[in-house]
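Here the structure comes first, spelled out in C-alpha cells, and everything after it is commentary.
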Amino acid sequence: MFRQPNPGEEGFDQDRPKFFCLDMFPYPSGAGLHVGHPEGYTATDILCRYKKMKGFNVLHPMGWDAFGLPAEQYAIQTGIHPAQTTRKSIDNFRRQLQRFGFCYDWSREFGTIDEDYYKWTQWIFLRIYDSWYDTDAQRGRPISELEQEFASGKREVRYNPDAAEYAGAGELPMGAAAGGWEPLDDETKRTILDSYRLAYVGNQTVNWCPKLGTALANEEVIDGRSERGGFPVFRKPLSQWMFRITSYADRLLAGLEDVDWPTSTKAMQAQWIGRSEGAEIDFSLTNAPVMAKPSLRVFTTRPDTIFGATYMVIAPEHPMVQAILEEPPPGSDVSALVEYCGAASNRTDVERQESKEKTGVFTGVMALNPATGEQIPVWTSEYVLMSYGTGAIMAVPGQDERDWEFAEKFDLPIVRTVQPPAAFDGKAYTGEGVAINSGFLDGLGVAQAKSKMIDWLGEQSCGVRKVNYRLRDWLFSRQRYWGEPFPIVFDQRGWHYPVKAEALPVKLPELADYAPEVSDEPKPLLAKATEWLKTTAGEVGVSGRPADQAMTRETNTMPGWAGSCWYYLRFCDPKNAERFVGKEAEAYWMDGGVDLYIGGAEHAVLHLLYARFWHKVLFDLGEVSTDEPFSKLFHQGLITSFAYQRKDKSLVAIDEVDETAEDTYVERESGESVKQITAKMSKSLKNVINPDDVIAEYGADTFRLYEMYMGPLEASKPWNTRDISGLLRFLQRAWRLVLDEDTGEPMLSDTPDETLEKKLHRTIAKVGGDIERLAFNTGIAAMIEFVNAGTSAKESGAALTRDQALRFSQVLAPFAPHIGEELWSRLGGSGLVSQAYWPEHDEAMLTDDEIEIPVQIMGKLRAKIMAPAGADQKALEELAMADAQVKQLIEGKQVRKVIVVPGRLVNIVAQ
RNA sequence: GGCUUCGUAGCCCAACUGGUAGAGGCGGCGGGUUCAAAGCCCGCACGGUGCAGGUUCGAUUCCUGCCGAGGCCA
C-alpha cells in the first residue's frame, strides 16, 4: 500500500519533490522490539505520512542489520544455524512493526544477511581494496591509475609514506631509483601497490584467548582474563584487514561543516578524528645501535616546549627496542628491558594509559636535544603507545602531567618553559603563558613560540610541521562466523587476490558446529569449513594464473559495521541485480543526501564515521553522486524508566518496592524508604516495558501518541504507564466529538461554527509546523486543545460540520493512522485519509482582530489594554498612556522612554 | 578530568530570533450526571524558572561562576 515507485517505474510522478527519510535499521534480537525502537520509528512515520500528504515522493524503507554476535553465540549454545534464529527474529520484528501501522515501503525490505545484499557489500569492499588515496588530489582513485603513473614516470616509485605498517614507508624500493617501475620484480611491485591500498593487510595486536579460540574486544578483557570464563588472554599480533580511513581524516572532518547534525555528534566525531597540529622532530642519537636508525623521530603538539625536553620515551614495541636488545649499549639492563617490554605487550592500550603508577626502564641510549644541545636519556615506558604518533615522545615534564609524574618517579630533571600564573601551585603547567628558559623563544606566547620553533627546526633540517590524528586505521577483520566472508583468496605464497565480480557473492559456508577451536594460534572459525576453503584461480577469477592453481579463501569475516555502511543506498534500488544501486535511482533519492536520518546517539561516532568513509570512497570513484550521505541527522532520546534507589545509592528492582503514600516509596523487605529516580530500562530492575503488552491494552495509536507526547523527541524521558491514559482519553474524546458513542454514526452540524473554524485553522497550521520541526509533543497538545474546545462547544449545542470533521481527521491521521482512517471512512471521506492531501489553512484565520497587550512600567506588568491587531507603535503608545490605571501609576513621574513592540507589549520607563 | 546537552508547578512538559511564566497530559481537590460506583462533563489550586552575579527598558531565554543530572570520550 505504501509502495513508492522509482524514477522510470510505472506510477512514478516526477513533478513531486522527493523526501528520503531513513530510520537506523534494527538488529533483530531475539528479545523483540523494546520501547526505544518505536520512538524514532513513530517520529519518522508521522513525518513521512505528512510529507506524502504534502505531495512528496517519500522513500521510507525498513530492513534488518542482521549479522552479529548474539545470533552466533546462541548458535554455539544450541547448534542451531544463526540464519534460522535470525530469520525468526526478523519475522517477529516485522510483525511488531506492522502492528504500529508504520507506512514503510515493505517492497524494499532486505536484510544484510541476504545473499544478494552481501554480494554487493563484498563488491564495495573490493572497490575500496582496488583504490588508493591521492594526497595531492585529496581523493580516492583506482589503484590501476597509480600503477600507470608509476609506469609512465609521472609519479616517483616509492612505498606509501603514510603506510607505517610497511617497514619501508615512504622509501624507494631497492633498485627503483635507477630504472623506475618496469625493472622491479613482481613481489616488489605488488608490495608497493599494497602499501597504497585503502584496504590492506596489517599486523594488528589483538586480545587472543586460546581457550575461547577467539580474539576479544578490549571491553571483553578484564585484568588479562576473559570476561566470559575468566581464561587468560594474550596480546598477539595477527594479520588483519584494515581500512586506511586515516587517509580520509581531513575530508571526514571537513565534511562535518556541511551537514545539519546535532552539535554534540559533530563534536564527538571531530574529537574521535582528533586532528592536532604540531611538529615531527628528529632527535639524533649519540650511541644508537648500528641496526637502528641514527635518530629518533617524535611527534609533538608542543614544539615550543622543546627546551624543556629533558628525556625521551619510546613505546615498548618500538623497533628501536629490538635493536637495543640485539646490540645493547653500555649502561642498558637487557634483562630488565626484556621483562618490562614483555609485560607491557600483554596489556591493552587502555590499561596502559590508566595505570596510576608510572613505570619504565632506561634503554641505555642517549639522544641530543637539538635546541639545548644537551644529552638526554631515552627511556621506554608503557605510557607511550606505539599506535599514536611515532611511538616515541620527547618528554617535557614542566608542561605535561604524565611526563612530570614519570620524571618525579625516576628523578629526571624538570625545567619549566612556560611561565605559570602567579597563583599556580600545581605541578606540570599545560596552559597558556609566555616562554621561559627557552633561548630565542623567551617571552613569546604558546602559539607564536610553536610557529617560530617549527621554522627553526626546519632550518636545522631536523623537524617539520605535521598534522597528526587520533583516528586509527579501521580494523575490519573478525574471527567470527556470522558475518560477510571476504571476497579474497590467497595463493601458497600468501599473496592476496580479489574474487572476480562474477563469482560474487562468496557465500558463507555451513558449519557442523560454531564453537571456536581451542588454539594457541589465532584461527578464524571459517577455517573449519575445510571444503569451502579450497578453490582455484579459475573459479574465483585470478588473472594471470593457471585456472587450476589452488587458492585458499580468506577465513576472517567482516565486522557487524559492514552491512550498515551502505544500506541506505540499497534502499534506493533494492532489487537491482546489475549494480549495488541503479545510477538513476541513486541520483534521484540521494540528491542532497538522505533528507532525514533518525536513530540513537549510541551510533554517533562509529557507524556514522564508517558509513561516511565508505560513501566518500564511492563518491571519489564516481559510484555515488554526493560527498556526504546524511544531510540531516537527529537522535531520539533514550526512554528511561522509574527505578528506586536506597540511601547508599544502590538500586532496587521495581517489584520490591511499595508506594505507601503519594511519592513515598518503601522497599518491602527492609522497610527502608527509597527514592524514585529514572534509570535505563534493564532486566535486573524489572522495569522493561514490552510494546506488545502496551498495544494489547491501549492500542497502537495510543502507544504512538504517548511516545510522541512524552516530551521533546531528542530528550531522554521516563516511561510512566500512568500517563498513557491521557492519550487514550484524547482519542476517545475525538471519536465522540464527531461520532455517536453508541451507534458510531456521525453527529455533525450543517452550519460551521465560526470559533471552531478558526480554531481548526490554527490547529492545522500549528500541527503542520510542529511536524516539520519534529516537535510532536506540542503538535499533539494542539490537537488535544482543539478536541477539548470542540467538546466544550458541544455543551452549548455547537458541532463540527462534516467538512471540518474530515479536515480534523486528516490532521490526526499521521499520528494515529488507525483511528484516522476509521474516522475518515465513517465521516464519508473518499479513498484513504493517508492518501489525501494535507488540509490548507487560511493565514487570515490565525490572527484575532483585537488583541490584549500588556503594559509594563519599569519592566513590571501593570496593566492590560485591548488594541487592534495591526496597531502600530504610535497607536499602541497612545492607547497605553490613555489607560486609566497607567495614568494613575505614572502620575508625577517623568516618562523617559516608551518601548513598544507591536503585537506584543508596551513598556514605559518612568521615574 | 575534557567535550556536550539539560535543570520551569507533586510528576512529564509548553513558552518561536530576550517581550503577559502556562499550551497540554498525569496526579490532587471541588461540583454535575447517577440509587451508587466506574465512566463522562464542568471547574479549581499550586511555581516565579537549580544557586549567585552580569548585560538589558525588560532575562526561563544572552554572558560568567558554582551546584545537580544525563550522554560521549578519557
Quick one: look up who [N] pairs with, Watson-Crick or G-U, both distances under 3.5 Å, and put none if it's unpaired.
| N | result |
| --- | --- |
| rG1(B) | rC73(B) |
| rG39(B) | rU33(B) |
| rC51(B) | rG65(B) |
| rC44(B) | rG28(B) |

Expressed as a whole number of Å, how far does the [atom1] atom of [N] sit from that of [M]?
| N | M | atom1 | result |
| --- | --- | --- | --- |
| rA59(B) | rG70(B) | P | 32 Å |
| rC16(B) | rG7(B) | P | 12 Å |
| rG71(B) | rA15(B) | P | 24 Å |
| rG25(B) | rA21(B) | P | 23 Å |
| rG18(B) | rG10(B) | P | 29 Å |
| rG50(B) | rC73(B) | C1' | 27 Å |
| rC29(B) | rC46(B) | C1' | 11 Å |
| rA36(B) | rC26(B) | P | 25 Å |

Could you tell me the separation between the [atom1] atom of [X] and the [atom2] atom of [N], rounded to a whole number of Å?
| X | N | atom1 | atom2 | answer |
| --- | --- | --- | --- | --- |
| L609(A) | rC73(B) | CG | P | 13 Å |
| Q271(A) | rU4(B) | CD | C1' | 9 Å |
| Q856(A) | rU20(B) | CD | P | 7 Å |
| L728(A) | rG24(B) | CG | P | 19 Å |
| I857(A) | rU20(B) | CD1 | P | 16 Å |
| D723(A) | rC11(B) | CG | C1' | 7 Å |
| L705(A) | rG24(B) | CG | P | 17 Å |
| D883(A) | rU20(B) | CG | C1' | 14 Å |

Could you check whether any side-chain N or O of [X] sits under 3.5 Å from a backbone N or O of [Y], counting only pairs where one atom can act as donor and the other as acceptor?
| X | Y | answer |
| --- | --- | --- |
| D701(A) | H818(A) | yes |
| E741(A) | R736(A) | no |
| D403(A) | V396(A) | yes |

What does [X] touch in the nucleic acid at a heavy-atom separation under 4.0 angstrom: a base, only the sugar-phosphate, or nothing?
| X | value |
| --- | --- |
| V901(A) | base |
| T640(A) | nothing |
| I899(A) | base |
| N777(A) | sugar-phosphate |
| K864(A) | base |

Candidate nucleotides [options], ranked by approach to the side chain of [X] - the nearest:
| X | options | result |
| --- | --- | --- |
| K897(A) | rC57(B), rA74(B), rC12(B) | rC57(B) |
| A781(A) | rA23(B), rA15(B), rG70(B) | rA23(B) |
| R904(A) | rA23(B), rG24(B), rU20(B) | rU20(B) |
| R470(A) | rC12(B), rC73(B), rU4(B) | rC73(B) |
| N907(A) | rG25(B), rG58(B), rU20(B) | rG58(B) |
| A267(A) | rU4(B), rC13(B), rA74(B) | rU4(B) |
| S725(A) | rC26(B), rC13(B), rC3(B) | rC26(B) |

Result for 5'-nearest mapping on RNA chain B, choosing between A782(A) and P712(A), is P712(A)
Which residue, K766(A) or R736(A), contacts RNA chain B at a nucleotide closer to its 5' end, judged by nearest heavy atom? K766(A)
Does a nitrogen or oxygen in the side chain of [X] sit under 4.0 Å from OP1 or OP2 of [N]?
| X | N | value |
| --- | --- | --- |
| S264(A) | rG71(B) | no |
| R733(A) | rC41(B) | yes |
| S792(A) | rC41(B) | no |
| R729(A) | rG27(B) | yes |
| N788(A) | rG25(B) | yes |

Taking the ring of Y383(A) and the ring of W404(A), is the distance between their centroids below 6.0 Å? no
Using only modelled atom types and a 3.5 angstrom limit, is any donor from either the side chain of Y709(A) or the base of rG24(B) paired with an acceptor on the other? yes
Does R612(A) count as lying over the ring of W261(A), i.e. NZ or CZ under 6.0 Å from the six-ring centre, within 45 degrees of the axis? yes
Tell me if rG48(B) is syn or anti. Syn = glycosidic torsion within 90° of 0, anti otherwise. syn
Do E785(A) and K759(A) sit within salt-bridge range, that is, some charged N less than 4.0 Å from a carboxylate O? yes
Look at the aromatic rings of F630(A) and H607(A) and report parallel, tilted or perpendicular, splitting at 30° and 60°. tilted
Testing D23(A), T42(A), I598(A) one by one against Q636(A) for a side-chain contact (heavy atoms from CB on, under 4.5 Å), which residue passes? I598(A)
The test is side chain to side chain donor-acceptor pair (under 3.5 Å); show your working for H37(A) and E39(A) and say whether it passes. CA-CA 5 Å; H37(A) 287 117; E39(A) 189 191 11; over 6 Å; no
